[in-house]
Amino acid sequence: MLQGRLPCIDWFSPPPSAFTSFYASFCSSCFPMSILQTLKNRFATALQPLSDDVAPLLDMIRSSQDPKFGDFQANCAMPLAKQVGRPPRDVAADIIAALDVSDICEAPEIAGPGFINLKLKDAWIVERVNSIAGDDRLGVMPVENPRHVIVDFSSPNVAKPMHVGHLRSSVIGDAICRTLRFAGHKVTSDNHIGDWGTQFGMIIYGYRNFVDSAAYAADPVAELARLYKLVNQLSDYHAAKQKLPQLKISLQLQKDELAAEQSETDPADKKAKKKLKSFQKAVDTTLDSIKSAEEKLAAVAADSNLQQLADAHPNIARLARAETSKLHAGDVDNQKLWDEFLPACLQALQRVYDRLDIQFDMTLGESYYNPMLADVVSSLKDKGLATDSDGATCVFVEGNEAPFIVQKTDGAFTYATTDLATIQYRVEQLKADEILYVVDKRQAEHFNLLFKTCELWGFKDLKCQHVSFGTVMGKDGKPYKTRSGDNIGLESLIDEAIARARTVVDENDDRRETPVLSAEDRHSVAEIVGIGGIKYADLHHNRESDYEFDWDKMLATTGDTATYMQYAYARICGIFRELNIDRNAIGQATANVLLTGPEERALALQLIQFDEAISSVISDYRPNQMTGWLFDAAGKFSAFYAQCSVKNAETPELKASRLVLCDLMARAIKTGLSLLAIDTAEVL
RNA sequence: GCGCCUGUAGCUCAGCUGGAUAGAGCAGCGGUCUUCUAAACCGCAGGUCAUUGGUUCGAAUCCAAUCAGGCGUACCA
């Protein structure tokens with residue numbers, strides 16, 4: 001973002017008290033707040049005479065991966081050497097000769113083929129730490145050009161319980177919102193709930209035919225969920241029953257084909273082998289389908305009540321779809337039921353969001369956009385983008401085989417239409433500059449088509465990104481389900497996490513000579529640790545990766561977990577408690593940090609790079625960049641804690657310095673975790 | 001068939017636009033609590049980055065092929 005800019009003033013050190021106001025009078029790109037940016041600015045000056053395009057070269061300045069190479073390294077001499085046709089070490093020497101970093105670094109060293117290694121001067125680190133000690137934002141400057149970013153995440157279907165897939169979207173989306181806001185962008189979080197889809201027809205049908213009034217009165221959402229599941233099961237039953245004979249015929253045919261192919265395949269012929277394999281795969285797939293169909297039939301057959309219901313409702317799927325159509329067509333009775341169901345469903349969702357501490361600025365579901373859909377389609381037609389194909393209205397986008405269907409043969413609109421209407425609304429009404437969709441990566445093609453269509457439609461300045469994430473897998477390597485094949489409910493997941501955390505909290509406190517936590521404290525700590533554990537387990541993976549869901553790992557309290565950071569935070573609080581010192585009264589504004597050993601230096605260096613963690617999260621919407629920074633930070637604190645006593649510091653000055661470092665680290669951990677919506681406690 | 005993605009330590013995963021001897025956590029082994037919380041710290045061991053070729057000063061990273069697996073592919077969202 002800020003790369004390649006030249007500083008309009010150079011770094012010097014303002015008195016800490018004047019720091020914030022001083023700083024605020026300059027634009028963030030001019031003022032090299034981050035170390036990295038400062039170094040880049042210095043290098044820009046040195047490289048200017050050597051190259052026309054310094055931006056890519058500046059990108060090659062980064063933290064050293066091994067401390068023995070110093071703190072930072074510049075790898076730009078090698079590619080530059082090629083450009084100018086001279087030996088890389090000579091070019092490195094030229095760069096160093098032109099480089100003025102003597103106030104920041106020790107003398108730069110050339111190593112290997114032409115790496116330039118930089119070691120920061122302790123005095124400079126101290127200066128920086130001292131200045132951020134008095135800064136609430138820990139040295140993170142608000143962005144220069146704030147954008148209005150709409151983050152579309154969570155997006156569950158109402159009346160269906162949320163599961164671990166929604167957890168990923170919710171947790172990642174929320175972290176992105178918080179981080180963007182902290183960085184100074186305008187953010188609108190929007191929960192684009194599925195409140196208008198086919199499941200409502202199923203629920204309406206279920207309600208009309210199978211409702212248990214007492215259960216509905218007691219817990220409407222649970223009853224609606226049961227009805228949804230029931231109608232789904234009965235529909236599946238009939239579909240399976242109908243499909244099964246055909247499947248068996250297909251299986252026989254495929255087996256015959258396979259046998260024929262096998263008999264005439266030459267094992268040396270790779271192409272034939274491949275063909276054979278694809279036949280085998282077809283057989284396997286059909287076998288799976290048959291197995292799944294048979295299971296569905298068996299599940300109903302095993303329960304005489306279910307069997308009776310199934311027999312009594314042979315056309316349940318069609319009838320449920322008809323209820324959806326009626327709803328969409330404005331049927332008064334169905335609309336009335338919808339109006340009745342929705343608030344309870346929303347409330348149930350809200351309960352989960354409250355527990356997860358996730359807030360939405362708006363919850364505009366699919367139903368909200370319903371009145372706009374017809375206009376979207378006619379607009380697309382007017383612009384010649386949408387055409388009729390096999391009775392459906394489609395947008396064909398160059399380079400994509402599959403069409404973007406905006407209206408089905410039966411006249412119904414699709415979620416593609418809704419998504420387009422939503423974009424129009426967000427741009428025209430909400431004035432969005434950018435929209436992020438935190439959605440499962442399996443929908444990549446849909447978003448690809450959506451964004452292309454959108455551009456053709458005329459939204460050229462809008463930036464859209466599918467912030468995709470991988471699937472949560474079970475131990476079997478398949479998407480995570482319970483043994484009975486259901487999704488894992490989010491509420492029970494949260495309950496389990498808290499219960500497990502509680503066991504650890506109890507054990508830990510009971511081990512103390514005199515336990516310090518009341519039952520109430522223990523409960524709230526268990527909530528903080530348990531829910532933090534769930535979130536962290538998800539966030540610390542690269543969002544694009546599928547990952548294996550594992551209770552023990554998710555709720556582990558050792559290693560790279562939320563607890564590790566929370567524990568570090570609590571230990572810092574413990575220091576201040578033990579010494580009976582108010583954290584707000586240690587003179588951060590006039591801090592004078594001393595670096596007397598490697599642990600203190602590493603800690604300080606980590607702290608002054610907090611802003612780099614923020615920008616790297618934002619650059620590609622990857623919250624795991626923040627978990628990584630936090631884990632490093634907590635690790636450096638733990639090493640410091642083991643090695644550098646605050647209480648028994650040799651001098652009052654050293655003690656004061658360490659208190660400042662501790663306070664800064666506590667604030668950094670708390671702030672970093674808060675950007676992931678993970679809470680902290682003073683005592684664990 | 002077409003398209004997209006993945007393959008890194010025993011396990012679960014990091015590894016940013018190519019950078020030096022590929023990193024964590026867990027599990028394993030060995031140390032560290034009379035001194036600010038041992039939910040911790042320090043150390044040891046563990047890898048042919050699926051395979052083969054290519055690009056270049058330099059490849060886990062880029063390209064090609066192969067093998068293995070996953071996902072998506074016209075009226076579900």
Side-chain angles (χ1 to χ4, degrees), chain A residues 56 59-60 62 64-66 68-69 73 75 78-79 81-82 87-88 111-115 117 155 157 194 196-199 270 278 366 389-394 399-410 412 414-416 418-419 439-446 448 468 470-471 473 477-478 504-505 507-509 511-512 516 529 540-542 544-548 550 552-553 556-561 563-564 566-568 570-579 616 619-620 622 624-625 627-628 631-632 634-635 638-639 641-649 658 662 683-684:
Chain A
D59 277 347
M60 307 181 92
R62 59 191 63 174
S64 293
Q65 59 166 11
D66 190 323
K68 79 173 179 224
F69 297 132
Q73 58 179 347
N75 303 339
M78 284 87 82
K82 195 188 257 174
F115 296 103
N117 289 335
S155 318
N157 284 317
W196 200 243
T198 41
Q199 87 273 22
K270 275 190 179 170
S278 80
E366 293 169 336
S389 172
D390 291 345
T393 308
C394 306
N400 293 71
E401 212 176 312
F404 200 48
I405 299 174
V406 293
Q407 192 166 18
K408 299 192 280 188
T409 318
D410 65 3
T414 70
Y415 73 127
T418 311
D419 279 349
V439 180
D440 193 316
K441 71 177 174 188
R442 284 172 292 192
Q443 295 195 39
E445 227 165 302
H446 165 71
N448 181 20
S468 61
T471 312
M473 311 298 263
K478 290 182 179 154
V504 181
V505 172
E507 276 172 12
N508 191 56
D509 200 37
R511 249 198 327 264
R512 290 178 170 126
V516 297
V529 169
H540 95 283
H541 291 101
N542 182 327
E544 300 262 28
S545 309
D546 295 342
Y547 77 92
E548 187 179 296
D550 182 334
D552 294 329
K553 255 177 213 118
T557 51
T558 59
D560 187 5
T561 62
T563 312
Y564 186 69
Q566 290 166 328
Y567 182 66
R571 293 220 284 191
I572 298 173
C573 294
I575 294 173
F576 284 89
R577 221 173 15 250
E578 172 75 18
L579 299 177
S616 78
S619 70
D620 199 25
R622 293 187 188 276
N624 67 324
Q625 298 289 341
T627 64
F631 183 60
D632 285 347
S638 295
Y641 184 88
Q643 206 58 40
C644 307
S645 176
V646 178
K647 190 162 128 186
N648 301 321
R658 287 179 177 171
C662 285
V683 183
L684 280 202

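On a predicted model such as this, the values are computed, not experimentally measured, just so you know. Residue numbers start from 1 in every chain, and the chains themselves are labelled A, B, ... in the order their sequence lines are given, proteins ahead of strands.
Rounded to whole Å, the distance from CD on Gln199(A) to P on A77(B) is 10 Å. Nucleotide A14(B) holds its C1' atom 17 Å from the CD atom of Glu548(A), rounded to whole Å. Protein atom CG of Asp546(A) is 11 Å distant from nucleotide atom C1' of G69(B), rounded to whole Å. Regarding Asn75(A), its CG atom lies at a distance of 14 Å from the P atom of A59(B), rounded to whole Å. Remark: C1' of A39(B) and CZ of Arg512(A) are 10 Å apart, rounded to the nearest angstrom. To the nearest angstrom, P of U37(B) lies 7 Å from CZ of Arg577(A). A74(B) atom P lies 15 Å from atom NE2 of His446(A), rounded to whole Å. Computed from coordinates, the Asn157(A) CG to C76(B) P distance equals 15 Å when rounded to whole Å.
A 4.5 Å side-chain heavy-atom check between Asp509(A) and Val516(A) finds at least one atom pair inside the cut-off. Using a 4.5 Å heavy-atom threshold, the side chains of Ser638(A) and Tyr564(A) count as touching. A 4.5 Å side-chain heavy-atom check between Asp620(A) and Gln625(A) finds every atom pair outside the cut-off. A 4.5 Å side-chain heavy-atom check between Lys647(A) and Ile575(A) finds every atom pair outside the cut-off.
Gln443(A) comes within 4.0 angstrom of a nucleotide base, judged by non-hydrogen atoms across all strands. Residue contacts shown for Cys662(A) are absent, as no nucleic acid heavy atom lies under 4.0 Å away. Ser389(A) comes within 4.0 angstrom of a nucleotide base, judged by non-hydrogen atoms across all strands. Residue contacts shown for Ala412(A) are absent, as no nucleic acid heavy atom lies under 4.0 Å away. At a threshold of 4.0 angstrom between heavy atoms, the contacts of Glu544(A) with the nucleic acid are absent.
Under the 30°/60° scheme for interplanar angles, the aromatic rings of His541(A) and Tyr547(A) are found to lie parallel. Between His446(A) and Phe404(A), the ring planes are tilted. Angles from 30° to 60° get that label.
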Give the dot-bracket line for RNA chain B from 5' end to 3' end: parentheses for intra-strand Watson-Crick or G-U pairs under 3.5 Å, square brackets for crossings, | for inter-strand pairing, dots for unpaired.
(((((((..((((.....[...)))).(((((.......))))).....(((((..]....))))))))))))....

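Distance check, rounded to the nearest 0.5 Å: CZ of Arg622(A) to CG of Asn542(A) gives 4.5 Å. With rounding to the nearest 0.5 angstrom, the CG atom of Asp59(A) is 11.5 Å from the CG atom of Asn75(A).
Under the 90° criterion around 0 for the glycosidic angle, C33(B) counts as syn.
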Where protein sits on nucleotides 24-36 of chain B, one letter per nucleotide: B base, S sugar-phosphate only, - none, heavy atoms under 4.0 Å:
SSS--------BB

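Under the side chain to side chain donor-acceptor pair (under 3.5 Å) criterion, Gln65(A) pairs with no residue, sequence neighbours left out.
Mapping Asn542(A) and Ala111(A) onto RNA chain B by nearest heavy atom places Asn542(A) at the nucleotide closer to the 5' end. In this structure, His541(A) and Lys441(A) both approach RNA chain B, and ranking their closest nucleotides by distance from the 5' end singles out Lys441(A).
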